[in-house]
2 protein chains.
Amino acid sequence: MNIGEIARRAGVSRSTVSYVLSGKRPVSEATRRRIQAVIDESDYRPNANARALKEGRTRTLGLVIPPASQRLTDMQLGFVASVVEAAARVDLDVLLSPSGGDHDRSFERIVTGRRVDGVILMEIRLEDDRVTRLRRTGLPFVTIGRTARPGGTSWVDVDYAGLITRCVHHLADLGHRNVALVNRSAELVAAGYGPGHRALAGFAAAVRERDLTGLDVCCGDDAAAGEACVEELLAAHPAVTAVATVNEAALPGMRRALDAAGLVVPRDFSITGVVARHWAEDFRPPLTAADVPMLEMGTEAVSLLVQSIAAGETAARHRLYSPPISLRASTGPAPAR
Amino acid sequence: MNIGEIARRAGVSRSTVSYVLSGKRPVSEATRRRIQAVIDESDYRPNANARALKEGRTRTLGLVIPPASQRLTDMQLGFVASVVEAAARVDLDVLLSPSGGDHDRSFERIVTGRRVDGVILMEIRLEDDRVTRLRRTGLPFVTIGRTARPGGTSWVDVDYAGLITRCVHHLADLGHRNVALVNRSAELVAAGYGPGHRALAGFAAAVRERDLTGLDVCCGDDAAAGEACVEELLAAHPAVTAVATVNEAALPGMRRALDAAGLVVPRDFSITGVVARHWAEDFRPPLTAADVPMLEMGTEAVSLLVQSIAAGETAARHRLYSPPISLRASTGPAPAR
DNA sequence: TTGTAAGCGTTATCAC
DNA sequence: GTGATAACGCTTACAA
C-alpha cells in the first residue's frame, strides 16, 4: 500500500493525497474527505524511509548506550527510559546503539549512515572519542555527562564533585574525622569516566578543607563487590566511621558487610552519597543522599537535542544538576571509638 | 557526501561505486582501490534510508517495551539489553517503541510506517491487541511471553506455571502446609498479563494436588509494596510458613518485613520462586529459585525473528524455558508452630 | 570490466 | 483547487 495506490483508488493525483496528509496546502473539503476515507479503510501510513529520504530528516534520535554485556546500572536504565519516553512524547523514535568505542559498527551506522537526526551519548569519559567524532561530523548531539572540556557542546550532568564535597562536609559537621569514598569500578575510573574522577576530586577537596583523613576505594557495580569492598575497608581501616558513595549498585552489599560486622547505621557508621532516589529510599535506614534526577535529565537531554536539531548548530546549551541532599536517616554523629 | 560525489571524485559511475561497496559484481583491482581510497578519505557511508527504500528492508528491528513511565523491572531491562546486544551482533539496529496499547502513535509509526523488518513484543497479555494487529499486517514478529492461544506465532517464554508448581511441590516436600503466592501487581493480573495468570494456575494446581492451604496475593513491583504485602500476609495469616513469588522487585521489601517480624529465613519461613539470577543471589540468604535466563531468551527471540524475516512466514517456532530450580539457602523444613 | 537508466515512495515546485 | 514531474540517494537489471 503506497501513496500512489491511495491516489488511484480515490481518483486523484499523488500530490493531492500527500497534501491532505500534511495539510500544507488547502484541499477542497469534498476530495479531502474522499481521500481520507480511502486512507482509513486501508489503514495506510506513509513509508517513513521514503519520507526521510525526501525530507532529509528521519524523525529519529540515536541513543548510544554502554554495551549491554556489562549490565547497565539502574541509573543508566533510568536515563534510557526517560529519553525514550520524552522522545515519544514529541513523536520521535529512538534508535539504540550499544557501543563502547568509536569503532563500533553500530555507532558508525547510526552516525554516518544518517539514520538519525541527532544523538544522545551516555557514559561520557573525560576524553571521549565519540564526542570528538560526532563533533567532526556536525551531527547534532547532546551528552549525558560531560568531557573534561565540554565547551561548545550541549550536555546535562550531575555535579558529582560539588555534591560529594557537600556530603563530606555534612559528615565532618557530624564529627566524623575518618571518612571514605566508595567510587565506581577501577576500570571505569581508569578509563577516565567523568563521575568517578569528579567525585574523587570533590572528595579530596573537602577532605583537605576540613582536614580529615580520607580514603578512596574503587568498587565494582554490584552488590557482591560492595560487600567485599566494605569488608576490606573495615578490616584495613577500622578508624573509618563514615562513607560517601556514588556507587548505588554496591549499596545492598555494603549494607550486608556492615551488618556482618555488627555495625548499626547510623549509630556506629554513617553512609551518604549520590544515587538514584529509589536506592536511597530502599536502603535501611533510608539513605541521606543527593537524589539524581534521572527523569528530568533524560527529558532535558531530549529537549536540548531537539532545539539543537531545529536551530542547526546554534549556541550550545547545558545544565548541571545539583540536587539537594535529602536528609534521611543514614547519617549521625560520629561514634566515640 | 553521497555516492554520486564519490563516483565523480573517483572518475567512475555510481554503479561501480555501489558494486565495490556491496561486492556484488567483480571490479578490477585498480578501480576498486581508487574508489576505496576516495571512500576512506571522505569517510563516506551510504545513506541508510535510501538503501532501505530501494531494497525494501531496513535492517532494523522494532522492540516494543512497556511505557517507561511505569519503571521497568530488571527482568524487562534484561530482555531489552540482550535483544539489543544480539541484534548488534548481526548488524541489526533496534528501534524502541514505548507503547502499551495498540493505539499508540509510536507503535503505529513503527509497524505501519515500515520502519522495521520485524518486531519483538514484550509484556504479552493473554489477549493482546498488539499481536492481533501485527498478525494482520503480516509483519514478522516474535513475542517474549505468549498469548492464551499462541498457535501460529513465534515466541519465547518462561514456563511460569510449571515452575511455580515445582516450587510449591518443593515446599510441600519440606513439610509446609500453608503456603502463599506473591504475584505481580493487581493491575497487571487484571489486565490479563500472562505470567501472573500462569503462575496462579500453577500455584492452584500444586496446592490442590498436595492438598495444601494456599493463598495468593498481588503485589506491586517495588520494594515498598513487597514490604507491605508480607506485613499484611503475616498479620492476617499467621499460619503461612512459606511463599513462592514471581515478583523479584518486591523481594527486598519482603525481606524487610520478615526481619521486622523477627522471622529468620529459612528457619522460620521459606521463600522460593522464579526471578532473575542476580536477585536470587543477592537475597540473604541466597534464594532457592528458578533463574529466568533473560540473556538467552533475548538472544533466542532475535534469532527467531531473523529466521522469520528471512523465511517469510514459514513455520512459527517457539521455545518454552523451564530452567531448573537452583537449590540455595532460602528454603528449609517447615517450622513446628 | 564498466556505464546507463529505471525505480523504490515520498514531497514540493511548477503549471494549469 | 488540482495534476504532472523532478528530485532525494541508492541498487540493479540491462547494455556496451
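Since this is a predicted model, take the numbers as computed values, not measurements. Protein chains get the first letters and strands the later ones, always in sequence-line order, with residue 1 at the start of each.
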Could you list the residues that satisfy side chain to side chain donor-acceptor pair (under 3.5 Å) with [X], not counting sequence neighbours?
X: B:Thr16; result: B:Ser13
X: A:Arg135; result: none
X: A:Asn47; result: none
X: A:Arg33; result: A:Glu29

Q: Output yes when a side-chain donor or acceptor of B:Ser308 lies under 3.5 Å from a complementary backbone atom of B:Leu304, and no otherwise.
A: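 No, the answer is negative, given that no donor and acceptor are paired below the 3.5 Å cut-off.
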
Q. With distance as the sole test, does B:Thr112 use its side chain to make a donor-acceptor pair with the main-chain N or O of B:Glu108 at under 3.5 Å?
A.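 Yes, B:Thr112 side chain to B:Glu108 backbone: donor-acceptor pair under 3.5 Å.
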
Q. What nucleic acid atoms does B:Ser18 come within less than 4.0 Å of, heavy atoms only: base, sugar-phosphate, or nothing?
A.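 Answer is base: heavy atoms of B:Ser18 come under 4.0 Å of a base.
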
[X] [atom1] to [N] [atom2], straight-line distance once rounded to whole Å:
X: A:Leu21; N: C:dG9; atom1: CG; atom2: C1'; answer: 12 Å
X: B:Asn49; N: C:dG9; atom1: CG; atom2: C1'; answer: 12 Å
X: B:Ile35; N: C:dT1; atom1: CD1; atom2: P; answer: 13 Å
X: A:Arg25; N: C:dC14; atom1: CZ; atom2: C1'; answer: 10 Å

Using a cut-off of 6.0 Å, state whether more than 12 heavy atoms not belonging to [X] lie near its atom [atom1].
X: B:Arg34; atom1: CZ; answer: yes
X: A:Arg45; atom1: CZ; answer: yes
X: A:Ile6; atom1: CD1; answer: yes

Q) Between atom CZ of B:Arg115 and atom OG1 of A:Thr60, what is the distance when rounded to the nearest 0.5 Å? A)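 B:Arg115 CZ to A:Thr60 OG1: 3.5 Å, rounded to 0.5 Å.
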
Q) Out of B:Ile65, B:Val64, B:Val83, which residue meets the side-chain contact (heavy atoms from CB on, under 4.5 Å) rule with B:Met122? A)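 With B:Met122 as partner, side-chain contact (heavy atoms from CB on, under 4.5 Å) holds for just one option, B:Ile65.
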
Tell me every residue that passes side-chain contact (heavy atoms from CB on, under 4.5 Å) with [X], counting only those two or more places apart in sequence or in another chain.
X: A:Asn2; answer: A:Glu5
X: B:Pro46; answer: B:Leu21, B:Tyr44, B:Arg51
X: A:Ser18; answer: A:Ile3

Q.
With each end axis built from five pairs of C1' atoms, what bend angle do you get for the helix from C:dT1-D:dA16 to C:dC16-D:dG1? Round to 10°.
A.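 If I round to tens, the end axes sit 50° apart.
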
**Q.** Within-4.5 Å side-chain heavy-atom neighbours: A:Leu61 and A:Leu95
**A.**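 Side chain of A:Leu61 against side chain of A:Leu95, heavy atoms only: no contact under 4.5 Å found.
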
Q | Electrostatic pair A:Asp104-A:Arg109, nearest N-O below 4.0 angstrom | A |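 So A:Asp104 does not pair with A:Arg109 through a salt bridge.
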
Within [range], find the residues that approach DNA chain D with a heavy atom at under 4.0 Å, and present them sorted by residue number.
range: residues 50-61 of chain B; value: B:Ala50, B:Arg51, B:Lys54
range: residues 5-15 of chain B; value: B:Arg14, B:Ser15
range: residues 26-34 of chain A; value: A:Pro26, A:Val27, A:Ser28, A:Thr31

Q. Does the side chain of A:Asn2 get closer than 4.0 angstrom to OP1 or OP2 of C:dG9 through an N or O atom?
A.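 The answer is yes; a side-chain N or O of A:Asn2 sits under 4.0 Å from OP1 or OP2.
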
**Q.** Span of DNA chain D in contact with chain B (heavy atoms, under 4.0 Å)
**A.**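 Reading along DNA chain D, I get D:dG9 to D:dC14.
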
